[in-house]
Each structure stands twice: as structure tokens, then as C-alpha cells.
Protein chains: 2
Amino acid sequence: MDRVTIPDIVVGRLPLYLRTLQLMLSEGRQVTSSQELGERLGISAAQIRKDLSQFGEFGKQGTGYSIEFLTDQLRSILHVDKIWDMVVVGAGDIGHAISRYLGFSNRGFRVALVFDNETAKIGQKIGDFVIHDIANLPSMVQKANIQVAMLAVPASQAQVVTDILVKNGVRAILNYAPINLNVPKGVYVQYTDPVVHLQRMSFYLESMND
Amino acid sequence: MDRVTIPDIVVGRLPLYLRTLQLMLSEGRQVTSSQELGERLGISAAQIRKDLSQFGEFGKQGTGYSIEFLTDQLRSILHVDKIWDMVVVGAGDIGHAISRYLGFSNRGFRVALVFDNETAKIGQKIGDFVIHDIANLPSMVQKANIQVAMLAVPASQAQVVTDILVKNGVRAILNYAPINLNVPKGVYVQYTDPVVHLQRMSFYLESMND
DNA sequence: TAGATTGTTAATCGATTAACAATC
DNA sequence: TAGATTGTTAATCGATTAACAATC
């Protein structure tokens with residue numbers, strides 16, 4: 001095997017390319033170019049061509065890219081040409097919102113199980129999902145062979161729940177709690193904290209009374 | 001003025017430093033080092049010192065950083081030593097979750113107004129907030145002098161709503177819709193799309209049946 | 001004094017861009 | 001054929017790291 005490793009920063013852009021291509025597809029478009037993609041995304045055309053060239057040759061000189069073909073290729077590269085079952089841990093406001101979110105299924109994911117540790121919530125429903133006791137998480141997650149989790153518990157519980165998830169086979173965690181997680185090698189974590197994004201913008205905003 | 005511009009990638013790390021420092025503060029800690037911060041965040045100590053040095057000298061040789069002092073400095077640098085009023089547009093599941101999120105206020109933000117365009121929702125309440133008619137957004141946002149928005153409308157409406165927000169003085173938008181927005185210079189957009197994060201991880205996951 | 005850690009410089013590493021031959 | 005756009009190379013640009021004098 002002589003495969004080169006793909007820079008993580010390139011991997012991070014692929015979902016954006018895919019999202020834009022799928023939007024174009026829904027607009028009925030058939031062909032695009034690195035230039036058009038770049039304009040839509042605020043990325044240079046050269047960078048898009050360079051990124052794609054890491055995986056093969058998907059375009060035609062003079063013509064550009066078949067949107068459908070490139071979409072299929074990216075879905076395959078990102079392993080979203082299948083549907084990944086996910087577990088949601090934490091049935092608060094965020095857990096509710098992501099359990100009911102309709103935007104997952106056509107992009108490679110679906111919620112399969114929802115857990116919480118509050119007795120008052122266990123047995124209740126969120127949409128079609130019953131909220132299960134987190135005590136049953138190990139057996140249920142193992143049985144369903146689930147590898148992807150969304151973590152929507154308070155920060156104080158995020159690490160313990162993470163350890164349980166990892167022990168039972170979860171290898172990708174999208175963490176909504178505002179805290180850094182420790183995971184072993186081979187487990188992937190992505191963070192989503194609205195305040196981090198907001199503070200990144202407020203840096204550039206002038207306070208009124210400065 | 002001879003000020004050097006700060007690389008955006010550095011700005012993006014400051015909220016992570018601040019978040020970790022505030023956590024340490026809540027643990028009752030008084031002093032930390034670039035090494036400890038780095039270990040918690042998975043960032044090199046040298047990088048943290050380099051980043052901070054863009055703004056001044058905040059540490060003591062041999063000792064490290066006063067957590068409280070560095071926290072205050074970062075809050076000032078990021079302009080979160082005040083509270084920014086925010087507007088939430090879209091009162092669906094995501095709008096609900098962010099309107100009720102309790103984690104904003106101690107980190108520099110608070111929800112001030114919530115809007116939707118569905119007549120059935122207008123007048124209803126989310127926690128303490130009345131859902132207002134989006135037709136009233138221009139006057140209300142201008143009157144309250146709101147510069148920060150969270151956008152939780154369907155992708156198909158995200159750009160029109162953005163244009164309205166920008167026209168009425170909003171300069172920072174956290175976009176929950178899975179679509180790229182066009183904004184004029186001087187307006188900042190941050191994106192949060194769970195599927196982008198998930199796909200970034202599924203790239204590294206092996207499909208079962210490969 | 002000895003140990004620890006900063007702030008900063010210079011070296012290294014990696015990512016982006018510009019340019020162009022190839023070719024549809 | 002003329003125009004357009006790819007894939008790729010080399011040059012440029014920027015970010016990270018290693019190392020260390022300064023000093024608490």
C-alpha cells in the first residue's frame with residue numbers, strides 16, 4: 001500500500017463541496033466548474049481542483065464536472081453512500097432538536113436510539129423515538145452496532161458518557177457540550193459550541209461605547 | 001496606527017482558550033501554564049504562547065498565567081466583557097433549543113428577540129420570549145440596536161432573511177441552515193451544520209461491508 | 001541558587017496560489 | 001479551429017514548532 005494520507009484540512013472541505021453539489025442537483029443543474037463551486041463557497045478554484053485531485057480525476061477539460069458523478073464520488077469518499085445509525089445521548093432541548101431534525105437522512109445519517117438518565121424522561125417519546133434509560137445504552141448500542149453518537153448532555157457529564165460510548169463501540173462523537181473530550185486513538189470527536197462561533201465574530205465587532 | 005492584523009486562525013482559537021480557562025476558574029484553580037492549557041486542548045504549548053503574544057504579555061516566567069487575569073484579558077480581546085443582545089430567527093426545533101439555551105449569558109451573549117413567519121406561531125411563547133412576526137423584525141431590531149443574529153430558518157429562506165438582517169444593522173450571523181450565505185464586507189458569518197461535522201468523521205470510519 | 005516557564009526568534013513544515021500544458 | 005477548463009507543477013505564502021535567553 002502506497003496510499004498518501006489526505007490532509008485533515010482537505011477532508012474538512014469535502015462535506016462543503018458535497019453540500020453545494022447536492023444543492024445544485026436539486027436546482028436541476030447538470031454540470032459545474034471549479035470556478036463556480038469556488039464562487040459559491042468562497043474558496044479558490046485552484047484549491048478545489050487540488051483537493052479533488054487527491055482522490056482521482058473527476059472532471060473533463062473544457063467542460064467541468066458532472067454534478068451527479070462528482071456527488072456520487074464524494075459520497076463514496078466520505079462513506080455517506082450508506083446510512084449510518086446514530087445514538088443521541090441527552091434528551092434536553094438540544095437532544096430534542098437533533099432527534100427531530102429531518103436533514104440527516106439524505107446526507108448519510110439517521111437517529112436510531114435516544115437515551116437519557118432522568119427517570120421522568122425515560123419512556124417518554126420524542127417524535128417516533130422512545131427515550132431509553134442510559135443504563136441500557138451498552139447492550140443496545142452494541143447490539144445495534146452503532147458507531148456514531150451525538151452527545152447532548154451537560155458538560156459535567158460529557159466525559160463519563162463519552163467513556164461509556166467508546167467502550168461500547170462508538171468511534172465518532174459529535175459533542176454539543178462546551179468541553180473538550182479525551183478519547184483514545186481511532187475515535188473521532190467533532191465539537192459544536194455556538195458560543196465559540198459567536199465569540200469568533202464578536203472579536204471583529206466594535207463595542208458601541210469604546 | 002501601526003497595528004498588525006491578527007490571523008483569523010488565531011482568533012478562532014481564543015474562544016477555546018477562554019472556555020478552558022473559565023472551566024479551570026470554576027474548578028477553583030488560580031494559575032496555569034501554556035503546557036497545561038495545551039494538554040487540555042490538544043494544542044502545542046508553543047502555539048498557545050505565540051497566539052497570546054499577539055496581544056501582549058500576560059504571563060510570568062517560572063510561574064505561568066493567572067487564570068483570572070488571562071480570562072479577563074481574553075474576554076476583553078473577544079469583546080465579551082459585555083453582553084451582546086441577539087435575535088433568533090426561526091422558531092422551529094432549533095430555534096426553540098437555542099432560545100432556551102442557558103449557556104449564553106455567562107459567556108457574553110443573550111437572546112433578546114425571537115421571530116418567525118408562521119401565523120400559527122406568532123404570539124406563542126418560548127420560555128420567556130414571545131414569538132414576533134418577522135414583518136416587525138426591521139423596526140424592532142433597529143430600535144434595540146441588535147448586531148448579532150442566530151439564523152434557524154429553512155435553507156430556502158436563509159438568504160432572504162439574511163438580507164433583511166443585514167439591512168437592519170446585523171453584522172454577525174450564526175447560520176444553522178445548511179447553505180452558504182452571501183453578505184457584504186464587514187458582516188461576519190459562522191456556520192454550524194451537524195452533517196458537515198458528521199461527514200468529516202465518517203471519512204475516517206470503515207464501512208462494515210467493505 | 002536551581003527549577004520552571006515565559007516571550008520571541010529562526011527554522012521547519014504545510015497549505016495555497018499562480019501558471020500552464022493537455023485536451024475536451 | 002477557438003474557447004474553456006482540467007490536473008499538476010513550482011513558487012509563494014503563512015502557520016507551526018523547536019530552541020533558548022530572560023527572568024520569576
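Naming: A, B, ... by sequence-line order, numbering from 1 per chain. As the structure is a computational prediction, the values presented were derived from the model and not from experiment.
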- Re D/dT8: Watson-Crick or G-U wobble partner, both distances kept under 3.5 Å, found to be C/dA19
- Does any non-hydrogen side-chain atom of A/F129 lie less than 4.5 Å from one of A/I131? no
- Inter-residue atom distance A/L21.CG - A/R40.CZ, 0.5 Å rounding: 9.5 Å
- Return the 5'-most residue of the pair B/T32, B/K50 with respect to DNA chain C, ranking by each residue's nearest nucleotide. B/T32
- Using the heavy-atom set of chain A and a strict 4.0 Å cut-off, write down the first and last nucleotide of DNA chain C that makes it in, 5' to 3'. C/dA15 to C/dC24
- Message: Taking the nucleotide of DNA chain D with the nearest heavy atom to each, does B/D8 or A/G56 sit closer to the 5' end?
- Response: A/G56
- Message: Tell me which nucleotide, if any, is Watson-Crick or G-U wobble paired with D/dG3 when both distances must be under 3.5 Å.
- Response: C/dC24
- Report the residue (B/Q61 or A/T63) whose heavy-atom-nearest nucleotide on DNA chain C is the more 5′ of the two. B/Q61
- Note on the structure: CD (B/E36) and CD1 (B/I48) are apart, to the nearest 0.5 Å, by 10.0 Å
- Side chains of B/D163 and B/Q159: do they bring a donor and an acceptor to under 3.5 Å? yes
- Is there a side-chain contact between B/K50 and B/V10, using heavy atoms and a 4.5 Å cut-off? no
Using atom types as modelled, flag every donor-acceptor pair under 3.5 Å from a side chain in residues 57-73 of chain B to any protein atom, sequence neighbours excluded.
{"unit_1": "B/S66", "atom_1": "OG", "unit_2": "B/F69", "atom_2": "N", "d": "3.1"}
{"unit_1": "B/T71", "atom_1": "OG1", "unit_2": "B/I67", "atom_2": "O", "d": "2.6"}

